[in-house]
Asks: 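Just passing along the structure, written as structure tokens.
Chain letters run A, B, ... following the sequence lines, proteins first, then strands; residues in each count from 1.
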Amino acid sequence: MFKKIMVANRGEIALRVLRAARELGIKVVVAHSEADSQSLPVLLADEAICIGPPPSAQSYLNIPNLLSAAIISGAEAIHPGYGFLAENPQFAEMCRDHGIVFIGPTPESMHSLGSKAGGREIAAKSNVPTVPGTGVLQSVEEALEAAEKIGYPVLLKASAGGGGRGQKVVRSSEEMKTAFAQAQVEAQNYFSDPSLILEKYIELFRHVEVQVMGDGKGHVVHVGERDCSIQRRNQKLIEEAPSRLEESLRQEILAAGVRLAKYVNYQGAGTLEFIVDPDGNFYFMEMNTRIQVEHCVSEMISGLDLVKLQIKIAAGEPFTLQQSDIQLRGHAIECRLNAEDYDKDFRPSIGKIETLHFPGGTGVRVDSHLYAGYSIPPNYDSLVAKLIVHGENREEAIARMRRALAETVIEGPGVKTTVPFHLKVMDNAFYKRGAIYTNFVTTRMSE
Amino acid sequence: MFKKIMVANRGEIALRVLRAARELGIKVVVAHSEADSQSLPVLLADEAICIGPPPSAQSYLNIPNLLSAAIISGAEAIHPGYGFLAENPQFAEMCRDHGIVFIGPTPESMHSLGSKAGGREIAAKSNVPTVPGTGVLQSVEEALEAAEKIGYPVLLKASAGGGGRGQKVVRSSEEMKTAFAQAQVEAQNYFSDPSLILEKYIELFRHVEVQVMGDGKGHVVHVGERDCSIQRRNQKLIEEAPSRLEESLRQEILAAGVRLAKYVNYQGAGTLEFIVDPDGNFYFMEMNTRIQVEHCVSEMISGLDLVKLQIKIAAGEPFTLQQSDIQLRGHAIECRLNAEDYDKDFRPSIGKIETLHFPGGTGVRVDSHLYAGYSIPPNYDSLVAKLIVHGENREEAIARMRRALAETVIEGPGVKTTVPFHLKVMDNAFYKRGAIYTNFVTTRMSE
Amino acid sequence: MNAKELKSILQALQEHEVSELTLETPDYKLTIKRGGEVQYVAAPAPVVIQPPAVAPAAQPVSHAPVATPAPTPAAAPAATPAPKVETPKEDTSKYVEVKAPIVGTFYRAPSPDAEPFVKEGDTVKKGQVLCIIEAMKLMNEIESEVSGVVRKILVANGEPIEYGQVLFLIEPA
Amino acid sequence: MNAKELKSILQALQEHEVSELTLETPDYKLTIKRGGEVQYVAAPAPVVIQPPAVAPAAQPVSHAPVATPAPTPAAAPAATPAPKVETPKEDTSKYVEVKAPIVGTFYRAPSPDAEPFVKEGDTVKKGQVLCIIEAMKLMNEIESEVSGVVRKILVANGEPIEYGQVLFLIEPA
């Protein structure tokens, strides 16, 4: 096992990794920007190294500084968390070149799974359905032709994309030309790659994803699936496990996820995202080759520590966990508490936390880097806490989440959080019934 | 189901009951003394009623005021928590007389199980072994005769006692006369009843207890057992579930617990305490007819909410949970954080909490009524927080507890907690091996 | 001893205006002098010296951690009417408060049809019954502990009252 | 005791107007004197003396929620030597700080046997190489941004340095 690892991330996920490592007896170096020098992971770290000024591009995305920090501190491995460099094959490769273990999949599988087109190809080879669509399009003419075959509406997507960025719905051939040009520009801006693909656009669907863990040698297990349909502008806000799909469909999707991950000899923690339409058709979307924000709900129902498993697999420990060892129990829900003002269209809010009180009691878990006196820096994303609950069933989990949200106090001058949004969802009749598609926030919350 | 219940208790257990009730959609009245008017359960309550001045005798033990409070607030039931009136059959009876449901067993079974002598009799009838001993002793001569038969050392105990109070070890006939008189006085002082019983004194043993839930009509299930051997002056400090007993012995003890509880048609949550000697002999000690401080470890391994079950059973809901429905998973540990100065022989410490930070993350649960700005009143016991962890196995649970303790900050002028004690236990080689008897604190922690 | 511990020691010194501290433990020895040998030597000529104002040290406002809506005391204690702003002439500080010694229901009269025991403005004698508190079906008469004039009756007939709730204000004779 | 801890101790001393501190532990002995014997001697003419403004104390010292033992920065940033108390004549406020623009290992000389690029007291020109920072096996020369005199070298040869760490103090010409 490693003696020392470095976390190349910030906020709650840096703390999450630190906790897992500490429980394994591993020393933790936290690499941080100047804006995060008083952050909780830094304060709790065994060592902390400043790797750049506040802007991410110069710190959390600064590969030379991150590698130097790992080298001078003697860290044997780097955990990239999520976001930043977590899915950057080049970074993983440079880690390898410098004799540092990248806690994640190989650069090769990141590369092949990292693009939409690559993912579709692997899905086809492992017999996992994908949304009818194309490979990389060479021209708008090719796009028009493909759209005719598939039938409108269609979706233009950046081949290198993720997180819903750079996507455009096209409802007719008239719209195609402009949309194609715009999508190219966006793809270039967001992902430095203008390549586009085209897919059938499915308007109403659930976002269901399968959590897998693999040893890189063909052994893969799933840790159940999650429903992440409560989204706003393609950003997930609430996740739950298990999904509310009927059992046979659940099992089909879980099997498809494992099949694909086995096909690529996947190593470490990964997530296969599917869309599931109201008729029970499911399509593989993409694989996220990292730990995800919402991994906690899978931990709650399985009792496993997925980040520890990541570290153990990366350290070369034999991965002996069998599918039959994994017993899922009850129902878990996660609410992402963002520092945003729900009453003002989720406008980001920053400031110093003066009063902080998190809920406790049965079945309540809090993952947060906040502390009383901490100032939320303006440089990064707005996630400040994850509130996760577990109950015997979905009904109890919802009641518990409502109770826990009502106990939560995050206060300071100018600080607002999305707690009111989540309370509203927990009281929403559609949500309670489980009638949730990805358009929930826009169609089911107007009153 | 009830629409409104009253909590006749304070501190973390009042909060625990409030949380369970709130998740069930029940309004909660918190009865409180003048010293607790700013306590967290009072601040979170739907209603709060002051029932007396700070001394417990005039508030939390003031039956007329408590009943009046329930009546004027329209509460249909009273949850007594633990301690105070939780095991007072007279209170339970008066509740019944006033048409208020006492959330707990019937006054009759509390009465019969409440005394040592009664408990022994019931154990004998339900074929559960008890420590060789006597019924209530009429004289010191009778005590001497019994001690000769059983063999020294023997233990004199208050028949009405509990919590280790009013117990005396007698190692020879010479010591008996004085010890008998002293024990009588103590029994009178603590329990208003000088009746004594005598038992074989077992020096080295584990304290193992079985959690049961019954519907009052003969259906009883167990929720596993707990090991509570880490004690100081007969007060539990650390509890864990499951115990480290070998499986066949575990099953024997669990079966004995259920058998006894079934024999009395037990209703609600109860705990059967056993002592288990190094040779695997086990003896029933007594039954606690209430929810216990350490119920949380059983919740962690079972995923059940025992306080909700108590409320549901009291409300007359059918108790359909079968033994086969209860799947225990992993290992849980609870550390009781008391406001005591470990460096100064656990001297109580009171004061205002200025800085408070509780740990979070996977498998960590906190039950505490503390908040930043709260002043610990000097009138009640010193328990300020329960830190509970769950892990895949005992080793992970210990590592997690160590990690969680290290993240805990409870600070204020003059405020000390037992966190350092618990950290020391988590690092103790005997503890890690599980070589724990009730003399652990006195014999295994000197360095 | 780490930075954080030291910080809180320093803060305590400042709060309590301690100028010197020596602390020896098995682990360390600590000596601190605060304020130093700062001397303000005033010259013979007229000067205005403003000594450093001791900061009224940061008393953090203790926000109670409650985000839930305010309690809805349906049948409950609450009902004490909002304290009215007294006119300057009325000096309530001399009034004696009669508080509820038990929890129960407040009645101003011995029976629904009867006259109240007392009204505002009445003169009462020590030991005179002021009201009844019903608790567990028993009627408990509450007597005045002083002689004087009833100035305020703070609870309405039939209202539930909690322990220690103020029922009457009496101006002693 | 590392740089970060020392920093926060120094900050705390300033906030709480401590003039002297001595701390002895088995590991180290720390002595700090701040400000010295400050004397405000008023002149004979009418003057208004404004004593040092008390630190805006209302800033609650934010106790970071860290109960864990102090970091053990084995190979880590740390090592900034304790700032010495400057004599009144030495006004460090005019010095220019040369900070590390990258993370790496600090070298004062181009090779182990060579002379250091600069020594304290040396005069340097803008653009002159002051040191090397090795990062990912590359040697990065760090040049002076001003002309002046090297007053302090704050990092020892071969030490690891983090981003933004102050390496040199230069008094501009």
Side-chain angles (χ1 to χ4, degrees), chain A residues 12 15-16 18-25 40 44 295-296 299-308 325 327 329-330 354-373 385-392 395-404 406-407 409, chain B residues 12 15-16 18-25 40 44 295-296 299-308 325 327 329-330 354-373 385-392 395-404 406-407 409:
Chain A
E12 72 86 18
L15 185 58
R16 173 73 191 84
L18 184 145
R19 284 169 168 161
R22 189 150 283 167
E23 290 177 17
L24 289 169
L40 191 51
L44 288 171
H295 74 279
C296 308
E299 292 186 328
M300 295 296 266
I301 61 166
S302 68
L304 297 174
D305 185 324
L306 299 180
V307 178
K308 272 191 199 168
D325 299 332
Q327 299 295 329
R329 182 165 80 189
E354 289 187 346
T355 310
L356 183 69
H357 193 83
F358 281 124
T362 332
V364 174
R365 167 178 173 186
V366 180
D367 274 43
S368 173
H369 57 291
L370 295 187
Y371 61 86
K386 300 189 304 196
L387 196 52
I388 308 120
V389 300
H390 182 257
E392 282 185 67
E395 188 189 353
E396 183 176 61
I398 292 174
R400 188 159 282 160
M401 181 60 87
R402 195 191 298 112
R403 187 271 289 172
E407 286 180 28
V409 181
Chain B
E12 72 87 17
L15 186 58
R16 173 72 190 85
L18 183 145
R19 284 169 168 161
R22 189 150 286 168
E23 290 177 17
L24 288 169
L40 190 51
L44 288 171
H295 74 279
C296 309
E299 291 185 329
M300 294 296 266
I301 61 166
S302 68
L304 297 174
D305 185 324
L306 299 181
V307 177
K308 271 190 200 167
D325 298 333
Q327 299 295 329
R329 181 165 81 188
E354 288 188 345
T355 311
L356 183 68
H357 194 82
F358 280 124
T362 335
V364 174
R365 167 177 172 185
V366 180
D367 274 44
S368 172
H369 57 291
L370 294 187
Y371 60 86
K386 301 189 305 197
L387 197 52
I388 308 120
V389 300
H390 182 258
E392 282 186 67
E395 189 189 352
E396 183 176 62
I398 291 173
R400 188 158 283 159
M401 180 60 87
R402 196 192 297 111
R403 186 273 286 175
E407 285 180 28
V409 180

Asks: Which atom names give the shortest non-hydrogen contact between A:His295 and A:Val307, and what distance separates them?
Replies: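 Taking every non-hydrogen atom into account, NE2-CG2, 3.9 Å.
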
Asks: Can you tell me how far OH of A:Tyr371 sits from OG1 of B:Thr355, rounded to the nearest 0.5 angstrom?
Replies: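 That separation rounds to 11.5 Å.
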
Asks: If you measure from the Lys or Arg side-chain nitrogens to the Asp or Glu carboxylate oxygens, is any gap between B:Arg19 and B:Glu23 under 4.0 Å?
Replies: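 Looking at B:Arg19 and B:Glu23, the cut-off is not met.
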
Asks: Mind listing the closest non-hydrogen atom pair of B:Ala372 and B:Leu356 along with its distance?
Replies: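 Closest approach of B:Ala372 to B:Leu356: N-CD2, 3.8 Å.
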
Asks: What distance do B:Glu12 atom CD and B:Lys386 atom NZ have between them, rounded to the nearest 0.5 Å?
Replies: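 Atom-to-atom, B:Glu12:CD and B:Lys386:NZ are 3.5 Å apart.
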
Asks: Contact part of A:Ile301 toward chain B, heavy-atom cut-off under 4.5 Å: side chain, backbone, both or neither?
Replies: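 The backbone, not the side chain.
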
Asks: Can you tell me which of B:Pro359, B:Ser302, B:Ala404 forms the most heavy-atom pairs within a distance under 4.5 Å of chain A?
Replies: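 If we count pairs closer than 4.5 Å to chain A, B:Ser302 comes out on top.
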
Asks: Does any backbone or side-chain atom of A:Ile388 lie under 4.5 Å from a heavy atom of chain B? Answer side chain, backbone, both or neither.
Replies: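 Neither part, no heavy atoms under 4.5 Å.
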
Asks: What option among B:Val364, B:Leu306, B:Leu304 has the most heavy-atom pairs under 4.5 Å with chain A?
Replies: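 Highest number of heavy-atom pairs under 4.5 Å: B:Leu304.
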
Asks: For B:Leu40 and A:His357, work out which heavy atoms get closest and say how close.
Replies: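 That would be CD2-NE2, 3.7 Å.
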
Asks: So which of B:Arg402, B:Glu299, B:Arg400 has the largest heavy-atom pair count under 4.5 angstrom toward chain A?
Replies: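 Winner by heavy-atom pair count: B:Arg400.
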
Asks: For the CZ atom of A:Arg22 and the CG atom of A:Leu15, what is their distance to the nearest 0.5 Å?
Replies: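 Reported to 0.5 Å precision, the distance equals 9.5 Å.
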
Asks: With a 4.5 angstrom heavy-atom cut-off, which part of A:Met401 approaches chain B: side chain, backbone, both or neither?
Replies: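 Contact with chain B: none, neither part.
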
Asks: Which one of B:Met300, B:Glu396, B:Arg329, B:Glu392 has the most heavy-atom pairs closer than 4.5 Å to chain A?
Replies: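 Ranked by heavy-atom pairs under 4.5 Å with chain A, first place is B:Arg329.
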
Asks: If you tally heavy-atom pairs under 4.5 Å against chain A, which of B:Gly361, B:Ala399, B:Ser368 wins?
Replies: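 Sorted descending by pairs with chain A, the first entry is B:Gly361.
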
Asks: Check each atom of A:Arg16 against the heavy atoms of chain B and say whether the ones under 4.5 Å are side chain, backbone, both or neither.
Replies: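 Side chain only.
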
Asks: Please identify, among B:Asp305, B:Asp367, B:Thr362, B:Val366, the residue contributing the most non-hydrogen atom pairs under 4.5 Å to chain A.
Replies: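 So the answer, after comparing B:Asp305, B:Asp367, B:Thr362, B:Val366, is B:Thr362.
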
Asks: Counting only non-hydrogen atoms closer than 4.5 Å, does A:Lys308 touch chain B with its backbone (N, CA, C, O), its side chain (CB onward), both, or neither?
Replies: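 When you check distances to chain B, only side chain atoms of A:Lys308 fall under 4.5 Å.
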
